[in-house]
Amino acid sequence: MHWRSKLLHPSRRAPAGFRSLAPAVYRGSTVVFERTADIRDDWRQSAHGYTYGLYGNPTTLELGARIAEIEGAYHSFIVPGGQAAIATVYLALCQTGSHGLVPDNAYGPNREFAGGLLRRLGIEIETYDPAIGARIADLIRPDTALIWAESPGSVTMEVQDVPAIAGAAHERGVPVALDNTYAAGVLFDAFGAGVAVSVQALTKYVGGHSDLLLGSISVANADLYERIGSAWSQLGMAVSPDDASLALRGLQTLGVRLERLEASALAVARWLANRPEVAAVLHPALPGCPGHDLWQRDFTGSSSVFSFVFDPRFTARDVAAFVDRLALFRLGFSWGGTASLAMIYPDLRRPGRDDTGRLVRLNIGLEQPEDLIADLSKAFAAGTGRS
Ligand SMILES: Cc1ncc(COP(=O)(O)O)c(C=O)c1O
């Protein structure tokens with residue numbers, strides 16, 4: 001053969017049988033079949049073998065299998081991010097004329113998708129009070145196709161009675177999808193609570209190092225596997241095997257990271273609760289947080305993200321100046337990584353509460369908590385003259 005052909009059809013190869021502890025990174029779009037009789041085009045690769053890289057490769061399917069195992073799911077689909085997971089669930093379970101329900105404190109882009117693209121498609125998504133519990137039954141209509149839960153809710157951290165919501169929905173045959181990102185898929189048993197679909201932004205705790213974007217959609221049964229899988233494959237939700245391998249690495253340390261993050265976040269939250277500048281600390285493990293009793297009943301731990309609200313005597317400018325004085329806390333979106341972050345939500349809208357400009361969300365990282373407390377203390381002292 002000409003050397004050009006040899007470049008593509010080598011006869012000398014590396015020996016097989018390298019048994020690395022680390023999962024391999026498989027790149028590839030095309031999957032080669034042995035003979036024409038083997039050719040299939042089926043996204044159900046976990047069941048029927050590999051057909052095309054768009055539907056996953058051994059690295060991404062390994063990640064999905066591990067997420068499914070940890071969450072106790074029938075199957076987990078891996079998608080490019082948490083928001084991609086949310087959008088896929090909506091598009092899989094709703095159609096023109098459908099009605100859906102989403103808590104009014106849900107992750108902002110979830111509600112934006114509901115009020116934007118879905119409305120254009122003739123799908124009506126109504127918001128509900130996250131504290132509704134079993135009274136969700138009153139909002140379910142014959143055309144209700146999907147109920148979202150997010151517990152604790154984004155930024156204001158209300159814990160929901162997910163088993164009660166799932167129970168009421170189940171009686172009427174409506175699937176409940178839970179954004180289970182806060183619990184990293186492990187601190188809350190979504191499927192034990194009766195949820196049909198559990199999504200995670202793997203970007204947060206599973207990735208754990210702020211260097212990747214990935215999401216997962218875990219389903220409870222074979223029927224949802226078909227419904228979600230059909231939408232997932234049509235939407236072309238392929239992910240990079242490199243990102244999946246980073247998430248697989250993240251899984252190995254998830255246990256120790258969560259333990260440490262919980263302890264550090266609690267130390268900082270308890271310290272903040274005793275500050276005269278602070279009107280409320282919204283941390284599910286602290287009694288002041290709405291739904292704290294539900295957290296005690298349903299969760300096996302808390303994680304790294306929580307919010308606190310400045311006393312009303314502080315203006316939005318005071319709060320912004322406080323955040324700007326922080327040195328260890330960096331200003332940035334997202335959470336679940338190794339670095340501590342602070343974020344103000346100036347246009348936070350929640351029915352019945354007005355914390356505009358006074359609410360700060362913190363993500364506690366792996367720094368020593370005393371150093372984080374010293375950073376906060378200095379920022380308070382410079383604003384009030386008190387340490
Ligand atoms: C609760 C929650 N769900 C979903 C997402 C979306 O995740 P991603 O950034 O991976 O799209 C986020 C991101 O901030 C989030 O906080």
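We count ligands from 1, going down the list as the structure has it; atoms in each ligand are counted the same way.
Distance from atom 13 (C) of ligand 1 to its nearest protein heavy atom, with residue and atom name: Lys204 NZ, 2.7 Å. Regarding atom 8 (P) of ligand 1, its nearest protein heavy-atom neighbour is Gly82 N, 3.3 Å. Protein heavy atom closest to atom 10 (O) of ligand 1, with residue, atom name and distance, is Thr203 OG1, 2.6 Å. Nearest protein heavy-atom contact of atom 1 (C) of ligand 1 is Asp179 OD2, 3.4 Å. Of the protein's non-hydrogen atoms, Gln83 N, 2.9 Å is the one closest to atom 11 (O) of ligand 1.
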Stepwise side chain to side chain donor-acceptor pair (under 3.5 Å) check, Tyr345 with Arg361: CA-CA 8 Å; Tyr345 290 84; Arg361 185 175 80 171; 3.2 Å; yes
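If you number the atoms of ligand 1 from 1 as listed, the ones under 4.0 Å from a heavy atom of Gly81 come out as 10 (O), 11 (O).
Distances between N or O atoms of Arg361 and those of ligand 1 include no value under 3.5 Å. Considering both main-chain and side-chain atoms, Glu150 never comes within under 3.5 Å of ligand 1 through any nitrogen or oxygen pair. Remark: ligand 1 and Ile86 share no N or O pair separated by less than 3.5 Å (distance only, no angle test).
You'll find the ring centres of Trp295 and Phe188 outside the 6.0 Å limit. Centroid-to-centroid, the aromatic rings of Phe308 and Phe310 come within less than 6.0 Å.
At a 4.0 Å cut-off, at least one heavy atom of Trp335 sits close enough to ligand 1 to count as contact. At least one heavy atom of Ser154 sits less than 4.0 Å from an atom of ligand 1.
Smallest separation of non-hydrogen atoms from Asn110 and Gln83: N-OE1, 3.8 Å.
In Arg249, the CZ atom is not crowded: 12 or fewer heavy atoms of neighbouring residues, nucleotides or ligands sit closer than 6.0 Å. By the neighbour-count criterion of 12 heavy atoms within 6.0 Å, atom CD of Gln95 is sparsely surrounded, having that number or fewer from other residues, nucleotides or ligands.
Shown here are the side chain to side chain donor-acceptor pair (under 3.5 Å) partners of Asn221, two or more places apart in sequence or in another chain: there are none.
Using a 4.5 Å cut-off between side-chain heavy atoms of Ile, Leu, Val, Met, Phe, Trp and Tyr, with links allowed through other members, Leu246 and Leu248 fall into the same hydrophobic cluster.
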